[in-house]
Trainee: 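I'd like to ask you about the structure that follows.
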Amino acid sequence: MASGLPLACVGLAEHIGDGKEWFVSSTTAGELISLAVFRKTCEMLHNKFKLEQLWLEGKQFLEEFNAIWPEALRIDGYPTRGVFAGDPMTKALFWQESARAGILFGPSWFIGFQHLGMKDSVISTCKDILLKIKNNQVKLEGEPPASPFAQKVRQAA
């Protein structure tokens with residue numbers, strides 16, 4: 001909402017908030033820089049960037065990515081955000097090789113306006129990487145990535 005600056009909002013369905021008084025307390029309610037950035041972000045979304053374009057390109061990216069090797073790796077979610085699903089070793093190898101190629105992925109996938117126009121080159125690189133993985137031409141360097149939180153939860157179970 002505020003391009004990375006701290007800002008939160010509370011939203012209610014009309015039938016819940018209609019005609020009722022609400023109070024929200026905030027530690028940083030007097031901080032105005034984030035509000036100014038939020039206002040500018042909204043202005044840019046309205047006048048410069050088109051959400052429909054972002055949604056369409058994200059949808060196309062997901063369709064093309066998920067068609068490469070869906071048995072081993074895919075992205076589940078929405079056209080603007082999702083999560084990688086599939087074989088854990090394939091994910092680790094894919095992230096490693098993507099980083100080498102200058103494309104930073106992690107457990108979650110997001111597309112933003114800064115990514116528009118990059119779909120074809122990123123998909124091409126993803127195809128190359130997944131083909132190398134499929135043909136056992138890539139070896140994992142170091143340990144597979146793991147979430148410290150997930151490790152603690154698994155140990156407790």
Side-chain angles (χ1 to χ4, degrees), residues 1-14 16 24 26-28 34-35 37-38 40-46 48-157:
M1 287 187 332
S3 299
L5 292 175
L7 186 66
C9 75
V10 177
L12 297 171
E14 188 174 344
I16 295 172
V24 177
S26 172
T27 303
T28 59
S34 296
L35 290 173
V37 172
F38 170 67
K40 185 65 176 181
T41 300
C42 289
E43 178 186 311
M44 292 175 74
L45 286 172
H46 182 73
K48 183 176 180 182
F49 299 112
K50 301 298 177 205
L51 291 174
E52 298 82 17
Q53 180 185 8
L54 182 65
W55 192 265
L56 177 63
E57 189 149 336
K59 184 174 186 268
Q60 291 169 347
F61 181 89
L62 286 181
E63 289 171 358
E64 291 181 36
F65 183 90
N66 288 339
I68 299 171
W69 191 18
E71 307 81 20
L73 188 64
R74 67 187 182 284
I75 301 172
D76 295 335
Y78 300 99
T80 55
R81 66 191 183 283
V83 63
F84 281 90
D87 174 62
M89 184 54 71
T90 301
K91 287 193 285 188
L93 290 168
F94 177 75
W95 295 331
Q96 171 186 285
E97 296 304 305
S98 295
R100 278 201 176 118
I103 302 170
L104 302 179
F105 288 113
S108 299
W109 169 84
F110 299 91
I111 187 172
F113 290 105
Q114 69 275 21
H115 301 119
L116 293 179
M118 302 170 116
K119 177 183 66 67
D120 291 340
S121 64
V122 173
I123 287 292
S124 176
T125 302
C126 291
K127 284 180 182 177
D128 292 343
I129 291 168
L130 288 169
L131 181 62
K132 287 178 185 176
I133 295 169
K134 194 174 193 175
N135 292 329
N136 295 314
Q137 296 173 316
V138 178
K139 300 288 182 227
L140 187 64
E141 296 178 15
E143 297 295 317
S147 160
F149 175 77
Q151 287 175 336
K152 292 274 186 197
V153 171
R154 284 188 200 106
Q155 289 172 356

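Values below: every heavy atom of this structure, side chains too, minus hydrogens, waters and symmetry copies.
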Trainee: For residues A101 and I129, report the shortest heavy-atom separation together with the two atoms involved.
Mentor: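 Shortest heavy-atom contact: CB-CD1, 4.5 Å.
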Trainee: Which heavy atom of C126 sits nearest a heavy atom of F94, and at what distance?
Mentor: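 For C126 versus F94, the nearest heavy atoms are SG-CZ, 3.6 Å.
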Trainee: With a 4.5 Å heavy-atom cut-off, do I75 and V83 have their side chains touching?
Mentor: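 No, their side chains stay 4.5 Å or more apart.
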Trainee: Roughly how far apart are S98 OG and L104 CG, rounded to 0.5 Å?
Mentor: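 One finds 8.5 Å between OG of S98 and CG of L104.
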Trainee: List the steps and the verdict of side chain to side chain contact (heavy atoms under 4.5 Å, CB included) for Y78 and R81.
Mentor: CA-CA 5 Å; Y78 300 99; R81 66 191 183 283; 3.8 Å; yes
Trainee: Within the distance-only criterion (no hydrogens, no angle test), does the side chain of D76 pair as donor or acceptor with the backbone N or O of A85 below 3.5 angstrom?
Mentor: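 Side chain of D76 to backbone of A85, a donor-acceptor pair under 3.5 Å: no, none is there.
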Trainee: Quick one: pull up OG1 in T125 and CE in M118 and give me the separation to the nearest 0.5 Å.
Mentor: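 So the OG1 of T125 and the CE of M118 are separated by 10.5 Å.
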Trainee: Take F105 and V122 through the side chain to side chain contact (heavy atoms under 4.5 Å, CB included) test and state the conclusion after the steps.
Mentor: CA-CA 11 Å; F105 288 113; V122 173; 4.2 Å; yes
Trainee: Donor-acceptor check, side chain of Q96 to backbone of K139, threshold 3.5 angstrom: yes or no?
Mentor: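 Here the side-chain-to-backbone pair exists.
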Trainee: Roughly how far apart are L116 CG and Q114 CD, rounded to 0.5 Å?
Mentor: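 Atom-to-atom, L116:CG and Q114:CD are 8.0 Å apart.
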Trainee: Does E64 use its side chain to pair, donor to acceptor, with the backbone of I123 at less than 3.5 Å?
Mentor: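 Looks like no, no N/O pair under 3.5 Å.
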Trainee: Quick check: are there more than 12 heavy atoms from other residues, nucleotides or ligands sitting under 6.0 Å from NZ of K40?
Mentor: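 No, not enclosed.
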Trainee: Taking CD in E143 as the centre, count heavy atoms belonging to other residues, nucleotides or ligands within less than 6.0 Å. Is the count above 12?
Mentor: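 No, not enclosed.
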Trainee: Check whether any side-chain N or O of S34 sits under 3.5 Å from a backbone N or O of P6 as a donor-acceptor pair, and report yes or no.
Mentor: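 Checked: pair present.
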Trainee: Any side-chain to backbone donor/acceptor pair from K119 onto H115? Under 3.5 Å, distance only.
Mentor: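 Side chain of K119 to backbone of H115: no pair is present.
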Trainee: To the nearest 0.5 angstrom, please state how far the CD1 atom of I68 sits from the NZ atom of K134.
Mentor: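 Answer for the CD1-NZ pair, I68 versus K134, is 10.5 Å.
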Trainee: How long is the gap from OG1 on T90 to CZ on F84, to the nearest 0.5 Å?
Mentor: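 It comes to 12.0 Å.
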Trainee: Side chain to side chain contact (heavy atoms under 4.5 Å, CB included), that's the test. Do F65 and W109 meet it? Break it down for me.
Mentor: CA-CA 12 Å; F65 183 90; W109 169 84; over 6 Å; no
Trainee: Less than 4.5 Å apart, any side-chain heavy atom of P144 and any of L140?
Mentor: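 Sidechains of L140 and P144: in contact.
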Trainee: Is there a side-chain contact between W69 and I133, using heavy atoms and a 4.5 Å cut-off?
Mentor: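 They are in side-chain contact.
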Trainee: To the nearest 0.5 Å, tell me how far T80 OG1 sits from F113 CZ.
Mentor: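 Interatomic distance, T80 OG1 to F113 CZ, rounded to 0.5 Å: 9.5 Å.
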Trainee: Looking at R100, I want to see if its CZ is surrounded by more than 12 non-hydrogen atoms of other residues, nucleotides or ligands under 6.0 Å.
Mentor: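 Correct, the count exceeds 12.
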Trainee: Please determine whether side chain to side chain contact (heavy atoms under 4.5 Å, CB included) holds for the pair L45 and L51, giving the CA-CA distance in whole Å, both sets of side-chain angles, and the decisive distance to 0.1 Å.
Mentor: CA-CA 7 Å; L45 286 172; L51 291 174; 4.1 Å; yes
Trainee: Evaluate whether atom CZ of F49 has more than 12 neighbouring non-hydrogen atoms of other residues, nucleotides or ligands under 6.0 angstrom away.
Mentor: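 Yes, because the 6.0 Å sphere around CZ of F49 holds more than 12 heavy atoms from other groups.
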Trainee: Among T41, V37, L35, exactly one meets side-chain contact (heavy atoms from CB on, under 4.5 Å) together with L7. Which residue is that?
Mentor: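 Testing each of T41, V37, L35 against L7, the sole residue satisfying side-chain contact (heavy atoms from CB on, under 4.5 Å) is L35.
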